[in-house]
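Single-structure report; data block below.
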Protein chains: 2
Amino acid sequence: MPAEKSRPGSCSCSVVHPQAVQLAVQAELETGTLIALSELFKVFSDPSRLRILTALSKTELCVCDLTEVLGMNQSAVSHQLAMLRRARLVRFRRDGKSVFYALDDAHIGKILKVALEHVTEGRISL
Amino acid sequence: MPAEKSRPGSCSCSVVHPQAVQLAVQAELETGTLIALSELFKVFSDPSRLRILTALSKTELCVCDLTEVLGMNQSAVSHQLAMLRRARLVRFRRDGKSVFYALDDAHIGKILKVALEHVTEGRISL
DNA sequence: TGAACGTATGCTTATGCGTTCATATATAAG
DNA sequence: CTTATATATGAACGCATAAGCATACGTTCA
């Protein structure tokens, strides 16, 4: 008997470790959760958006302020803000002609903080 | 006097809020940190990689095991593992013909946990 | 109402990225 | 040394996306 398993679709290996595989399979996240997670991280994966979030972590800002802080044009900033809005990471209020943005969730700061720890520690170990 | 400021490059607005902008500018991350952060999040922004990290959070696995767990072909898994390796999120050891992968950093679990909280809470509030 | 201003958005382009295919490397067995 | 197996890697294809341009929308003021 050559292999302890042999599901045809996935891989030709015969050295699969069943108990480890089973553990891993049981730990799998639901598809919906997985997609939501990856989309959340995708929002954080762009430097411009990180700068926006960092700025908003200190104070509410209007779009014009953000173009000033980031040195980007208004269209680019608005596009990124739209994405942050869709991800529900920022909220906004209109005041006359200006629209003010602010962070929408407490977890955002936590995520950034933990990630920053990872990054800076990695730095040191280099 | 029409505007309180008017740096030409960024934006034609005249309603910039100087004290808020200053606060935000002071909070800016260094460019290197910013890039490192965004690259870290980029690694987390793909469902396949999240599945790999979730699986490895439970147990060490060889490449063949991972193809089994994920139902992806070996090449795709290896490419993703290479990326995780470059990001120093996983380490690996060779044992005969097999290569076993494991998580490389304690922060990874934390980041995932906090993000998961955000995602699931968002779920509930819908 | 019309003009001016702040902001949002559709379209386009350039770039990036995930997967697959083909192939290369590494280890083990005969 | 040859063959088989496990993994890695380069090239290419298709899709997603960030940024810029032009323009539309919403608000204020005259």
Side-chain angles (χ1 to χ4, degrees), chain A residues 2-6 9-17 21 34-35 38-39 41-52 60-68 70-87 90-101, chain B residues 2-6 9-17 21 34-35 38-39 41-52 60-68 70-87 90-101:
Chain A
E4 52 190 355
K5 91 171 302 302
S6 61
S10 38
C11 153
S12 60
C13 311
S14 51
V15 295
V16 178
H17 305 80
V21 168
L34 202 62
I35 300 298
S38 63
E39 285 175 353
F41 284 123
K42 192 162 297 180
V43 177
F44 284 93
S45 72
D46 178 76
S48 299
R49 285 191 292 269
L50 282 179
R51 294 179 70 198
I52 292 176
E60 182 186 62
L61 290 165
C62 72
V63 176
C64 186
D65 293 337
L66 280 168
T67 67
E68 182 69 25
L70 302 186
M72 296 169 58
N73 72 45
Q74 178 265 323
S75 177
V77 172
S78 269
H79 276 297
Q80 301 296 8
L81 286 171
M83 180 162 180
L84 293 171
R85 237 165 38 211
R86 283 191 294 270
V90 299
R91 57 188 147 73
F92 59 102
R93 65 180 179 85
R94 184 148 213 143
D95 181 12
K97 282 179 286 190
S98 298
V99 176
F100 288 84
Y101 282 83
Chain B
E4 52 189 357
K5 90 171 301 301
S6 60
S10 38
C11 153
S12 60
C13 310
S14 52
V15 294
V16 178
H17 306 80
V21 168
L34 202 61
I35 301 298
S38 64
E39 284 175 354
F41 284 123
K42 193 163 296 180
V43 177
F44 284 93
S45 73
D46 178 75
S48 299
R49 285 192 292 272
L50 283 178
R51 294 179 70 198
I52 291 176
E60 182 186 61
L61 291 165
C62 74
V63 177
C64 186
D65 294 336
L66 280 168
T67 65
E68 182 69 25
L70 301 186
M72 297 169 59
N73 71 46
Q74 177 267 320
S75 178
V77 172
S78 270
H79 276 296
Q80 300 296 9
L81 286 171
M83 180 162 180
L84 293 171
R85 238 164 37 211
R86 284 192 294 271
V90 298
R91 57 188 147 74
F92 59 102
R93 66 179 179 84
R94 182 146 215 144
D95 182 13
K97 284 180 285 189
S98 297
V99 177
F100 288 85
Y101 283 84

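Chain A is the first sequence line, chain B the second, and so forth, proteins listed ahead of strands; every chain is numbered from 1.
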Rounded off to whole Å, could you give me the CD1-to-P distance for the Ile35(B) and dG16(C) pair?
13 Å
Just checking Ala76(B): base, sugar-phosphate only, or nothing, at a heavy-atom cut-off of under 4.0 Å?
base
Within the structure, does a side-chain N or O atom of Arg94(B) lie under 4.0 Å from either OP1 or OP2 of dA6(D)?
no
Take the protein atom CZ of Arg93(A) and the nucleotide atom C1' of dG6(C), then report the distance between them rounded to whole Å.
14 Å
Could you state the atom-to-atom distance from CZ of Phe41(B) to P of dT17(D) in whole Å?
18 Å
For Tyr101(A), which contact category applies under a 4.0 Å heavy-atom criterion: base, sugar-phosphate, or nothing?
sugar-phosphate
Where the side chain of Asp46(A) is defined as all heavy atoms beyond and including C-beta, which of dT27(D), dC17(C), dA18(D) is the nearest nucleotide?
dA18(D)
Test item: Asp65(B) side-chain N/O and His17(A) main-chain N/O as donor-acceptor pair under 3.5 Å
yes
Categorize Phe100(B) for me: base, sugar-phosphate, or nothing, with a 4.0 angstrom heavy-atom threshold over every strand shown.
nothing
Between Arg49(B) (side chain) and Lys42(B) (backbone), is there a donor-acceptor pair under 3.5 Å?
yes
Could you check how far CZ of Phe44(B) sits from P of dC17(C), rounded to whole Å?
16 Å
Candidates dA18(D), dA22(D), dA19(D) - which lies nearest the side chain of Ser75(A)
dA22(D)
Report which part of the nucleic acid Ser78(A) touches: base, sugar-phosphate, or nothing (heavy-atom distance under 4.0 Å, all strands).
base
Just the rounded figure in Å: distance from P of dA28(C) to CG of Asp95(B).
8 Å
Please check if any side-chain donor atom of Tyr101(B) sits under 3.5 Å from a side-chain acceptor atom of Arg85(B), or the reverse.
yes
How many Å lie between CD on Glu68(A) and C1' on dT7(C), as a whole number?
16 Å
It should be established whether Gln80(A) places a side-chain nitrogen or oxygen under 4.0 Å from OP1 or OP2 of nucleotide dA19(D).
yes
Given dA8(D), dT7(C), dG18(C), identify the nucleotide with an atom nearest to the side chain of Arg85(B).
dA8(D)
On DNA chain D, nearest-nucleotide positions of Gly96(A) versus Ser45(A): which is more 5'?
Ser45(A)
Judged by atom type as modelled, is there a donor-acceptor pair below 3.5 Å linking the side chain of Arg51(A) to the main-chain atoms of Leu70(A)?
yes
Which whole-number value in Å describes the distance from Leu70(A) CG to dT7(C) P?
13 Å
Is the shortest heavy-atom distance from the side chain of Leu50(B) to the side chain of Phe41(A) under 4.5 Å?
yes
I need the CD-P distance between Gln74(A) and dA19(D), as an integer number of Å.
14 Å
Between dG18(C), dA19(D), dA8(C), which nucleotide has the shortest distance from any of its atoms to the side chain of His79(A)?
dA19(D)
Contact under 4.0 Å: Ser48(A) side-chain N or O vs dA18(D) OP1/OP2:
no
Name the closest nucleotide to the Lys97(B) side chain, picking from dT7(C), dT19(C), dA6(D).
dA6(D)
Selection from dG20(D), dA8(D), dA19(D) that lies nearest to any side-chain heavy atom of Asn73(A):
dG20(D)
For the pair Gln74(A) and Val63(A), evaluate side-chain contact (heavy atoms from CB on, under 4.5 Å) and give the outcome as yes or no after the intermediate values.
CA-CA 7 Å; Gln74(A) 178 265 323; Val63(A) 176; 4.2 Å; yes
